[in-house]
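All remarks here apply to the structure that follows.
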Amino acid sequence: MNRLGIVSLTALGIAATASAQSWAKVTTKTTPSARTSVVSVYNPFRQRTLLYGGRNKTLGLQETWTWNGKVWTQLKPKNSPAGKWAHNMALDWDRRKVVLFGGREGTKETNDTWEWDGINWTENKTKTLPAKRRAQSMAYDKKRKVTVMFGGAGFPFQLGDTWEYNGKDWTQIKTNPNSTP
């Protein structure tokens with residue numbers, strides 16, 4: 001496995017590894033079913049890519065998979081979010097957990113927060129909740145030790161808000177839409 005990690009092309013029903021120069025198709029005995037609106041996160045501490053949910057023709061899938069660079073393994077954790085699609089996840093480097101927020105369950109947006117510790121999913125019922133949303137962006141800010149979430153689509157509008165999650169609660173961050181980085 002290289003430092004670029006693993007990319008999942010499950011919508012096409014294949015797995016591939018990325019290198020600086022080329023892609024190579026990897027054939028495995030087990031693989032997640034074809035799906036769209038799926039999210040995966042590479043966890044260097046566990047040397048695995050975590051894949052959760054996604055959507056087949058009609059449903060959000062309640063599946064947790066890992067990829068170690070050679071084999072897909074479907075996990076059966078004791079606890080799990082409902083079948084989700086169009087959610088997002090980010091790796092909290094300091095707590096070594098994957099944070100999952102929102103997405104869709106069926107046709108409704110959600111605003112629940114889940115954490116994956118490598119064995120099980122745990123819902124964090126935070127005091128403050130961002131609006132229900134799907135298709136938002138998330139990344140971990142190592143310097144400030146928070147997961148940052150921006151935007152997404154909520155019913156009936158696009159969202160342009162910014163939130164930070166510190167492992168305990170969400171805080172809305174006021175931003176200046178006219179500023180440039």
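Here the structure is a predicted model, which means the values were calculated and not measured. All heavy atoms count here, side chains included; hydrogens, waters and symmetry mates do not.
- Here CD of Glu123 is found 10.5 Å from CG of Leu100. Values are rounded to the nearest 0.5 Å.
- Taking all atoms of both residues into account, the shortest heavy-atom contact from Asn111 to Pro130 is ND2-O, 3.1 Å.
- Of the options Lys132, Lys84, Arg104, a side chain to side chain contact (heavy atoms under 4.5 Å, CB included) to Thr110 is made by Lys84 and by none of the others.
- Here NZ of Lys145 is found 14.5 Å from CD of Glu164. Values are rounded to the nearest 0.5 Å.
- The CH2 atom of Trp121 sits 11.0 Å away from the CD atom of Gln62 when rounded to the nearest 0.5 Å.
- Taken from OG1 in Thr113 to NZ in Lys168, the straight-line distance is 15.0 Å, to the nearest 0.5 Å.
- Looking only at side-chain heavy atoms (C-beta outward), Val71 and Thr28 stay at 4.5 Å or farther from each other.
- Classification of the Trp65-Trp72 ring pair by plane angle, with boundaries at 30° and 60°, yields perpendicular.
- In terms of modelled atom types and a separation under 3.5 Å, the side chain of Gln136 and the main chain of Phe101 share a donor-acceptor contact.
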Problem set entry | Chi angles and distances behind the side-chain contact (heavy atoms from CB on, under 4.5 Å) call for Asn68, Thr73 | CA-CA 8 Å; Asn68 68 3; Thr73 303; 5.9 Å; no
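- Grouping the Ile, Leu, Val, Met, Phe, Trp and Tyr side chains by contacts below 4.5 angstrom, directly or via other members, places Trp67 apart from Val98.
- Residues Leu61 and Asn56 have side chains in contact (heavy-atom distance under 4.5 Å, counting atoms from C-beta outward).
- Expressed to the nearest 0.5 Å, how far OH of Tyr165 lies from OG1 of Thr147 amounts to 7.5 Å.
- Side-chain N or O atoms of Trp85 include one that pairs as donor or acceptor with a backbone N or O of Gly106 at under 3.5 Å.
- Clustering ILVMFWY residues whenever any of their side-chain heavy atoms sit less than 4.5 angstrom apart, transitively, puts Val99 in a cluster other than the one holding Leu129.
- Looking only at side-chain heavy atoms (C-beta outward), Pro77 and Trp116 come within less than 4.5 Å of each other.
- When atom types are taken as modelled, the side chain of Asn43 and the backbone of Arg48 share no donor-acceptor pair closer than 3.5 angstrom.
- Between Tyr140 and Asp94, some side-chain heavy-atom pair lies under the 4.5 Å cut-off.
- Smallest separation of non-hydrogen atoms from Glu115 and Gly167: OE2-O, 3.9 Å.
- Of all heavy-atom pairs spanning Asp141 and Lys143, the tightest one is OD1-N, 3.0 Å.
- Between Thr64 and Leu50 there is a side-chain heavy-atom pair separated by less than 4.5 Å.
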For this session: Take Arg35 and Ser33 through the test side chain to side chain donor-acceptor pair (under 3.5 Å) and record every step on the way to the result.
Result: CA-CA 6 Å; Arg35 59 192 70 199; Ser33 61; 3.1 Å; yes
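- Between Met138 and Phe150, every side-chain heavy-atom pair lies at or beyond the 4.5 Å cut-off.
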For this session: Output, in order, the C-alpha distance, side-chain angles, deciding distance and verdict of side-chain contact (heavy atoms from CB on, under 4.5 Å) for Thr171 and Asp169.
Result: CA-CA 7 Å; Thr171 303; Asp169 206 4; 5.6 Å; no
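- Of the inter-residue distances, the one linking Thr31 atom OG1 with Gln74 atom CD reads 10.5 Å to the nearest 0.5 angstrom.
- Asp92 places no side-chain N or O within donor-acceptor distance of the main-chain N or O of Lys97, the cut-off being under 3.5 Å.
- Between the side chain of Asn88 and the backbone N or O of Val39, no donor-acceptor pair lies under 3.5 Å.
- Nearest heavy-atom pair across Ala90 and Val41 is N-CG2, 4.2 Å.
- Nearest approach of Ser40 to Thr49, heavy atoms of both residues: CB-CG2, 3.7 Å.
- Side chain of Tyr52 to main chain of Pro81: a donor-acceptor pair is present (N/O by atom type, distance under 3.5 Å, no hydrogens or angles).
- Counting only heavy atoms from C-beta outward, the side chains of Asp161 and Gln172 approach each other to under 4.5 Å.
- Using a 4.5 Å heavy-atom threshold, the side chains of Phe45 and Trp93 count as touching.
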